[in-house]
Protein chains: 12
Amino acid sequence: MRVLVIHGPNLNLLGERDPAIYGTATLDEINAMIEKTASELGMRVDCVQHSDEGSIIDALHGARTVCDAIIINPGAFAHYSYAIADAIASISIPVVEVHLSNLASREEFRRRSVTAGSCRGSVCGFGAHSYLLALRAVAQTPVK
Amino acid sequence: MRVLVIHGPNLNLLGERDPAIYGTATLDEINAMIEKTASELGMRVDCVQHSDEGSIIDALHGARTVCDAIIINPGAFAHYSYAIADAIASISIPVVEVHLSNLASREEFRRRSVTAGSCRGSVCGFGAHSYLLALRAVAQTPVK
Amino acid sequence: MRVLVIHGPNLNLLGERDPAIYGTATLDEINAMIEKTASELGMRVDCVQHSDEGSIIDALHGARTVCDAIIINPGAFAHYSYAIADAIASISIPVVEVHLSNLASREEFRRRSVTAGSCRGSVCGFGAHSYLLALRAVAQTPVK
Amino acid sequence: MRVLVIHGPNLNLLGERDPAIYGTATLDEINAMIEKTASELGMRVDCVQHSDEGSIIDALHGARTVCDAIIINPGAFAHYSYAIADAIASISIPVVEVHLSNLASREEFRRRSVTAGSCRGSVCGFGAHSYLLALRAVAQTPVK
Amino acid sequence: MRVLVIHGPNLNLLGERDPAIYGTATLDEINAMIEKTASELGMRVDCVQHSDEGSIIDALHGARTVCDAIIINPGAFAHYSYAIADAIASISIPVVEVHLSNLASREEFRRRSVTAGSCRGSVCGFGAHSYLLALRAVAQTPVK
Amino acid sequence: MRVLVIHGPNLNLLGERDPAIYGTATLDEINAMIEKTASELGMRVDCVQHSDEGSIIDALHGARTVCDAIIINPGAFAHYSYAIADAIASISIPVVEVHLSNLASREEFRRRSVTAGSCRGSVCGFGAHSYLLALRAVAQTPVK
Amino acid sequence: MRVLVIHGPNLNLLGERDPAIYGTATLDEINAMIEKTASELGMRVDCVQHSDEGSIIDALHGARTVCDAIIINPGAFAHYSYAIADAIASISIPVVEVHLSNLASREEFRRRSVTAGSCRGSVCGFGAHSYLLALRAVAQTPVK
Amino acid sequence: MRVLVIHGPNLNLLGERDPAIYGTATLDEINAMIEKTASELGMRVDCVQHSDEGSIIDALHGARTVCDAIIINPGAFAHYSYAIADAIASISIPVVEVHLSNLASREEFRRRSVTAGSCRGSVCGFGAHSYLLALRAVAQTPVK
Amino acid sequence: MRVLVIHGPNLNLLGERDPAIYGTATLDEINAMIEKTASELGMRVDCVQHSDEGSIIDALHGARTVCDAIIINPGAFAHYSYAIADAIASISIPVVEVHLSNLASREEFRRRSVTAGSCRGSVCGFGAHSYLLALRAVAQTPVK
Amino acid sequence: MRVLVIHGPNLNLLGERDPAIYGTATLDEINAMIEKTASELGMRVDCVQHSDEGSIIDALHGARTVCDAIIINPGAFAHYSYAIADAIASISIPVVEVHLSNLASREEFRRRSVTAGSCRGSVCGFGAHSYLLALRAVAQTPVK
Amino acid sequence: MRVLVIHGPNLNLLGERDPAIYGTATLDEINAMIEKTASELGMRVDCVQHSDEGSIIDALHGARTVCDAIIINPGAFAHYSYAIADAIASISIPVVEVHLSNLASREEFRRRSVTAGSCRGSVCGFGAHSYLLALRAVAQTPVK
Amino acid sequence: MRVLVIHGPNLNLLGERDPAIYGTATLDEINAMIEKTASELGMRVDCVQHSDEGSIIDALHGARTVCDAIIINPGAFAHYSYAIADAIASISIPVVEVHLSNLASREEFRRRSVTAGSCRGSVCGFGAHSYLLALRAVAQTPVK
């Protein structure tokens, strides 16, 4: 099973930004955790980080024929990017949305994800561990 | 580690209600899956189902001194029960919210959970598997 | 044909509360009228009154295999109980919503029923007679 | 007792339009059912169909001195015609609103009737049978 | 100076409908008052009453070349008829909106007039006298 | 008959401010017109201008025992001063609201007057002439 | 192919009303252009103009068995007439909505069409040319 | 004078939950303070705590014939329980709403009480002392 | 202990205005009751009434160094005066908001107080007695 | 005449994504149709596809001096990209908005285009044919 | 160049109120800074502080003929005083709005200024330095 | 002190686009003014322009370790780019938002900046001079 992990804007600053909310692990450290769990689950995983919608859309499109599932943390794009929501809806492999923090307990605008509705499911609020749970989730999500 | 799993209203009809949305497993079958995973993770788990706010609030209160974590699927109470949200906020052990279906792709009123903001995190959209992921989540969630 | 009639919260005070709006008949008198009409229509009818969501949900669930139809006056729960709405949606026998008063001419919050959308139809505004019309309605409503 | 039944816009296409929602009976067939039930109840009934507000308002005004009650299915006018709502409020004989489908389970804009607040009560969701129940309702509704 | 007075829907029932709000004068009596004042002001006045938008729009259009001003009481159409608002905006002679009651102290939906924005001004709340004040108003309103 | 005319904030700059909207007459010129018409109608009139709510409230209170009616142009206070609305509601002599411009065709926030609901009626959109029409209106408005 | 073109309220004043927005062509001139293009496309076209909902609904109903497509410019009815929306939805031949002006750049209330959702598509903003494009559109729109 | 004090959901955890907001006194300590003040005022007082709407509604109904007044802290039910609001409205003895914290300075959803409108008055923000002030309030509130 | 009582706009007309809502006591009579209770509680009290925001803000500022607490009935300013809210927030002595009527059961706009959030607590709905309860409240409210 | 056609995000997947909504033609096939029609109309056309706002903005800017018109299908950017709306407003050649599907009959968020207001007009709902109609539209749209 | 600086309500307490938000400088110290910078820029400056709308409106009016520009910190009046907004709009010399704190990061109601729309521009969030920047701004703002 | 100035989308067309709103200076001319003022203030300044969120986010991230402050004119991104807002919040050097025009007096959607809340302050409405004032502002803004 091959899985693409897409990190959205500002996640490249992890460890530096608001550690009370986002934790102290850097993105490299999180990617290492993801790779370790993926390997335990017998998955092949690629991790990318993009700050613009276009690259995220291209990554989603590109993975549709070479991967079996996608895990995406769209960052703030979750709250307004209907273009990414459409890109997720355009492809048939399962996509799972992940957030480090518990969006439901943050600012009003973060309580709604416009991209989550195009995904199979979501995991929120467990810090870096959210990605690892998502890996386990896709391991058992059948293609629609 | 001891965990309480609370199933909210209408979950007792699982397997019978809208299988396209909620799957075909009965609550007993889901509880068996939960117990099996818990046992693999070295956890002790109790599963209860309640159809009224009062009993759910009592269950939350009661568990606060005897359990290490709570997993709750509040069903439709997620969308309006500030009393349950307060009960979750009143206790200090971690609580994780679970939904079988991906709320973000359902009716408008289901896209907002008033209880999720009092939890540590949430897992949505993976059917019965959502509970199993939540067990893994609490296994690694530190007490606040 | 067997029909369950569920009276929601505060209906036990009928005859005492706001007679200008709700009429002077007590719940016992209304139940007698319901039984008389049911018997004329060749129906067997049971009437219950509950003040909490849990009991109403249990009554709806319990009736799904032993009754042919349900008539419910959810009282104020009509305006916010998505849990009761889900319970109605969970069962396949027809459910008809009844209100004594004409909700459309009362306070703003009463003009919307969140439970009615899960029912087959509704009868509002004819006092105790609303129940009798609902009995006739279910007599001719086919199971979905 | 003399009753006027007013069918609003598009009801002349009944049997042809969206049979899954509105049923297969034509307006003539429904009028025949109405007349049959009225005659059983000892009522004299007239049925009219109008596609414009002005004619419906004139029909309401005209009936106020010659009929004992009015049954109206305002069709889509229910959702915005304050002029018809005012016409209903202007006359003192009882008016009952009827809808074939269960408005509460349809599109958002259909969930609110601005005309229902000027009526005595409403019957919704029982197809052509809604009219027959309304006949029984007016049979027992006292003039305000 | 020639003026057209347009009475909207339900105004034909004046004297009969809700006298506490609309007064006890009939439309004929009001028209007589209007004619008397017009004649004092040296105006020629025609009074019409219509219950449908189409006829009101036709009346507005028709008057644009033969009258010097129009006084309109759009009744409930004031609250939603953008078609009448457009008709008023389409013609260049001054139009004044009149209401018998003080809309600002009535139901929420009556506090906003969508037609008033296309008029030169409005007079509200003085019963039949509102029309007489409007006559005086148009007497001094220059064509734009 | 004795009438108080209250001009609200910024009306002292009339003739100078936005002549396209408010006309070119100064407040003194308008007051002279008001006095001339009042005298024709056999009324005694006093005109005051205030820029703060407190003084307007005091003027309203003060007039309640010595005047027979009040004409008020609350200026922008019309859109938010519930304190002035309450002051108008506190006194029993008739109060008429006047605006120079047609509020219904201006910015969104000007389309709603919170003070008008406490008045007997309103006259809008006829420039300085609005005051003269209001004088005629109060001449015929009975004390409630 | 036979096509009905329906012009809604106020379009009869074209050429006279707000030429900056609606252009200088009269309705007769536009109809001539429509007929010329229709004839080039081998279509038979009838053009009607109505100022009231009832007549537009009747025209839509009437055309459903004798025409192959309908082009409608509902004028301001586009913004509130659910009755016309229902009429369009009631018939199975394709209906295309046309507006002379670009609604998206006009007043807020004009930015939403409640009738467009029942049509196959829409053409907006090209003046009289919008109708000609719509003719070409229906020429290639298959019946649903 | 006999008074019932009803504590709503989560108040049983007082002293434990968010002491910065709710204070450090336990419910037993607060009940002791209430009893002491009641006895000083010559009142007989009963204190109950319930976590579900049904029991609170039953307590309100039950007290209506045996008590002279009720003091209720509905907890989070204040923000959505129209069923409790109706129960308060159903009984004729005075009911006073109490909150420990100053709702007006907390989360948005806590700034509105749907139950307070059915009460005689409210006391908010003085911690346990709010109950004591409410006792004094009912001591002087006449039965409606 | 020294307490300032501030009465907002229109309270000077107490006894005269809407006695069904505000009671029959005049402001002087209420001030006498306040002084009597204050003296029983060993407090020194000053009562002022102001109709404008500026004077109320000055009174709040002035009291901050010479009083121990303030009781304020902001009247209608409660619903929109963020300037008074800021003035209350600017000073550190406790401020308690008082209303004669139960705002929660009055017009929609009165159900929200923008000033209450800057106060320690509030007492509403007990007529003149609300002030006396507030005196007792401040007697026991510690300085923040 | 030279025209630029800009396809927004996800349109590169045409033929693959939701064929029931977007049709079965691929973007290459649509571009061929566009080129064929353009050539018939004597136009020179260039077609580009971009998934990010920046590239679309650059394309709009770049074309402003070398093209005579632009046709844009902004995809989901239509619903939130004020930056693209500004880019369209920044250039003086005519821009026409095109959508394959009838936005008015799709999800709520798709019913509003923030970019359409900066365009000359729009064509929606005719599948690939929408582009061809837009070509004809620009052929006759004068530069502002 | 002569400039008037108007400080709105509560700014007289600067240095005392919420120093984390508003800084520790007193109003006298800020005025000294303003005078120093003004003198460096060759301007003559007058600083006034008012707590009521009337005085602020009078100051704005008064300055219109004797000053070249006005700098105003309307305090909380920024969020609701349409009367001050109108006063600013009534005068032709440039007015610049200043706030000490960054309104965009504070409570919801502070994020919108109704007065800023009548000004030339605004400077927010730089503490006392905001005034000094505004002085430089007016130095280069041409009269409209 | 080193400062980065980021110009958002469409600012590259300055001088060409809507000169009445944005002025006649080109971006090069504005950059020259910025450099001149920066050099007078002893600052080193770099100016970049980007049309896409990704590049702006990268520029913000990149500057966080090499600059002392950032001045950003996010253009239309100010109104919806939560990703840029998060990028600003992610870095600790002060960021100041600048707009050429006075957003408060423009279209509704421009009156709210979602990015300004993450900045230290803002300067709006002074054309190119806004940037120069921002330079002076950052010169005196301490790092948080």
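Chain A is the first sequence line, chain B the second, and so forth, proteins listed ahead of strands; every chain is numbered from 1.
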- Based on non-hydrogen pairs under 4.5 Å, which of F:A87, F:A89, F:S55, F:A85 is most in contact with chain I? F:A87
Please table the atom pairs, donor to acceptor, closer than 3.5 Å between any side-chain atom in residues 30-39 of chain I and protein atoms at least two apart or in another chain.
{"unit_1": "I:N31", "atom_1": "OD1", "unit_2": "I:H7", "atom_2": "NE2", "d": "2.7"}
{"unit_1": "I:K36", "atom_1": "NZ", "unit_2": "I:E40", "atom_2": "OE2", "d": "3.2"}
{"unit_1": "I:T37", "atom_1": "OG1", "unit_2": "I:M33", "atom_2": "O", "d": "3.3"}

- Query: What part of F:D58 gets closer than 4.5 Å to chain I, counting heavy atoms only: side chain, backbone, both or neither?
  - Reply: side chain
- Task: Dump the intermediate steps for side chain to side chain contact (heavy atoms under 4.5 Å, CB included) on F:F77 and F:V114, then the final yes or no.
- Result: CA-CA 9 Å; F:F77 285 145; F:V114 304; over 6 Å; no
- Message: With a 4.5 angstrom heavy-atom cut-off, is it the side chain or the backbone of I:N10 that approaches chain F, or both, or neither?
- Response: both
- Item | Contacts of type ring-ring contact (aromatic ring centres under 6.0 Å, His included), residue I:H61, not counting sequence neighbours | none
- Item | side chain to side chain contact (heavy atoms under 4.5 Å, CB included) assessment of F:V95 paired with F:S118 | CA-CA 8 Å; F:V95 180; F:S118 304; over 6 Å; no
- Query: What part of F:I56 gets closer than 4.5 Å to chain I, counting heavy atoms only: side chain, backbone, both or neither?
  - Reply: neither
